[in-house]
J.: 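Okay, handing you the structure first.
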Amino acid sequence: MQYSIPRGTYDILPEDSPKWHRVIAEFRKLVEAYGYAEIVTPIFEQAALFERSSGESSDVVKKEMYRFTDRKGREFALRPEGTAPVARSYIENRMDIGSSYTKLYYLGPMFRYDRPQAGRYRQFYQYGVEFIGSNNPYYDAEIIAILWNYLTGLGLKKLHLELNSVGCSVCAKEYDKALRDYFQPYLNQLCPDCQERFERKPRRILDCKVKECGDIAKKAPIQLDYLDEPCREHFSEVQHYLDLMKIPFIINPRIVRGLDYYTNTAFEVIYEGIGAQNALAGGGRYNGLLNQIGGKNIPAVGFAGGFERLFLSLNEEKITLPGPPFPEVFIITIGREAQELIIPYLNIIRVKGIYAEYEPDRASLKAQLKAANNSKAYYALLIGEEEIKQKSALLKNLESGEQKLYSLEPISDLIKTIQNKEL
RNA sequence: GUGGGUGUAGUUCAACUGGCAGAGCACCGGAUUGUGGUUCCGGGCGUUGUGGGUUCGAUCCCCAUCACCCACCCCA
């Protein structure tokens with residue numbers, strides 16, 4: 001029986017893991033400069049947490065959650081997103097007490113039962129940042145700045161930021177009403193999906209891909225015209241701060257966040273050229289979430305991005321990331337005696353932090369040198385009959401071909417030469 | 001969940017209307033016994049994704065199934 005990996009998942013292979021380390025390290029370095037600290041939450045939570053936060057009618061909850069029941073009949077779900085668990089932990093650990101602001105970031109796998117396609121997986125890795133404790137539009141801009149600086153800092157160029165405001169719960173209601181008034185006369189011309197959306201979530205009609213719906217939606221009222229005064233002011237301040245931070249954006253009134261808890265600011269970073277799944281990251285303000293899941297009425301703003309799409313974009317722009325390291329020295333022994341002589345020193349070399357490779361299975365000198373060459377090692381260290389006599393080893397620079405004999409006792413000269421690449 | 005496409009060696013791909021499954025790259029070994037990269041020579045029976053069916057005969061046709069790709073949906 002040949003076992004295979006579950007659909008929509010993948011292995012991060014050794015040749016790729018250095019790339020992951022790099023993008024993660026860059027992310028940590030940047031967010032920590034903004035004062036954010038990592039939070040790690042379980043990959044599963046009570047299913048109700050997501051039902052309550054994302055909205056029972058959201059697609060995520062309706063059909064994309066991996067649910068399971070434990071041995072005592074409790075309902076759990078693999079987390080489909082990172083914000084609700086962070087909010088849960090914030091409330092549960094009383095992070096609001098003591099300091100008014102909390103800056104958190106997280107990294108890790110999320111799970112959604114979707115049909116896989118380019119840039120979309122069932123287990124995917126997200127990086128995210130949450131700022132909890134202020135409604136100041138400055139923080140909306142700061143969150144966006146972190147995201148933008150991260151992506152452009154990695155070298156990406158063909159991306160753009162789309163910005164919108166979905167208002168607060170009051171203006172959102174007003175807007176829904178305006179939309180229904182507008183679509184009412186066209187109701188029977190809309191696609192079946194949109195007819196259903198009409199009652200439940202009329203703004204979803206706006207980004208319907210069906211041509212008829214799109215045509216009708218073109219002249220529909222937009223949310224921005226229905227913002228109340230505080231929300232309008234908030235939105236304009238966000239833009240002002242973005243200008244100050246020199247972060248380019250375009251206003252897209254059609255951005256609709258998929259999850260129910262968003263208020264005011266909504267944004268996405270889009271990358272053209274990686275297929276249909278072109279949102280590198282998305283986020284926004286969620287002033288209602290904490291309260292909705294049992295906390296105080298605390299405002300917050302954040303974003304989450306996917307590493308898989310990030311890699312697709314980096315690849316698209318041919319931005320190279322580190323691969324596996326090459327050995328600094330490749331040990332070559334001829335005969336059993338040579339092996340006995342060098343193994344104790346091999347340990348010493350490695351403990352010093354030098355990456356040394358040794359493949360005793362290969363017999364001939366030729367085969368071992370070939371292996372050394374293929375490994376792209378910087379040096380080969382050769383021990384044969386001659387060297388044994390003198391308790392020494394022959395160090396060879398594999399690029400220049402230059403070689404020099406080093407005594408093994410003491411071994412410090414040899415180590416120093418390798419470390420400083422002096423030969 | 002819906003539609004379309006594709007599955008052949010480690011990999012990239014061939015194999016005419018159904019007739020002996022092949023090549024490049026990679027990998028391994030060798031070219032007088034202590035020197036790699038270039039060159040030359042040698043090395044492949046692979047459940048043709050899996051399971052059925054049609055046929056004298058299936059990589060090829062049919063059905064099912066799985067996986068991947070693309071789109072819808074949705075989003076990261």
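A note on names: the letters A, B, ... follow the listed sequences, proteins ahead of strands, and every chain is numbered from 1.
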J.: What stems, by residue range, does RNA chain B take part in, given at least 3 consecutive Watson-Crick or G-U pairs under 3.5 Å?
T.: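 Runs of three or more consecutive pairs: B:1-7 with B:66-72, B:10-13 with B:22-25, B:27-31 with B:39-43, B:49-53 with B:61-65.
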J.: For a quick test of reading the model: is some side-chain N or O of A:R7 closer than 4.0 Å to OP1 or OP2 of B:C68?
T.: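 Result: yes.
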J.: Report yes if the distance between the aromatic ring centroids of A:F249 and A:F267 is under 6.0 Å, otherwise no.
T.: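 Ring-ring flag for A:F249/A:F267: false, centres at least 6.0 Å apart.
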J.: Within this structure, what is the CG-to-P distance between A:L159 and B:A76, rounded to whole angstrom?
T.: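 Whole-Å distance recorded here is 17 Å.
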J.: Would you check if A:F124 stacks with the base of B:A76, given a 5.5 Å centroid limit and a 30° plane limit, both strict?
T.: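 Aromatic stack with B:A76 present for A:F124.
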J.: Can we call the ring centroids of A:F307 and A:Y125 under 6.0 Å apart?
T.: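 For A:F307 and A:Y125, the ring centres are not under 6.0 Å apart.
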J.: May I ask you to check if A:K19 and A:F311 form a cation-pi contact, with NZ or CZ under 6.0 angstrom from the six-membered ring centre and within 45° of the axis?
T.: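 Not flagged: A:K19 not positioned over aromatic ring of A:F311.
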J.: May I ask you to verify if any side-chain N or O of A:Q117 is less than 4.0 angstrom from the OP1 or OP2 atom of B:A71?
T.: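 So the side-chain polar atoms of A:Q117 do come within 4.0 Å of the phosphate oxygens OP1 or OP2 of B:A71, strictly under.
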J.: Tell me if the OH atom of A:Y182 is crowded by more than 12 foreign heavy atoms within 6.0 Å.
T.: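 More than 12 heavy atoms, drawn from other residues, nucleotides or ligands, come within 6.0 Å of this atom.
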J.: Round to the nearest Å and state the distance from A:K366 atom NZ to B:U38 atom P.
T.: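 Distance check: A:K366 NZ to B:U38 P gives 13 Å.
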J.: Is A:R120 close enough to B:C69 that one of its side-chain N or O atoms is under 4.0 Å from OP1 or OP2 there?
T.: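 So the side-chain polar atoms of A:R120 never come under 4.0 Å of the phosphate oxygens OP1 or OP2 of B:C69.
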J.: B:C69 P sits how many Å from A:I274 CD1, rounded?
T.: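 In whole Å, B:C69 P lies 14 Å from A:I274 CD1.
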J.: May I ask you to check whether A:F131 and A:Y139 place their ring centres under 6.0 Å from each other?
T.: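 That pair passes the under 6.0 Å test.
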J.: Using a cut-off of less than 4.0 Å, is there contact between a side-chain N or O of A:N374 and OP1 or OP2 of B:C27?
T.: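 Yes, A:N374 has a side-chain N/O under 4.0 Å of OP1/OP2 on B:C27.
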J.: Please state how far atom CG in A:D361 lies from atom C1' in B:C27, giving the value in whole angstrom units.
T.: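 Those two atoms, CG and C1', are 16 Å apart.
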J.: From CD of A:E15 over to P of B:G10, roughly how many Å is that when rounded to an integer?
T.: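 For the pair A:E15 CD and B:G10 P, the rounded distance is 16 Å.
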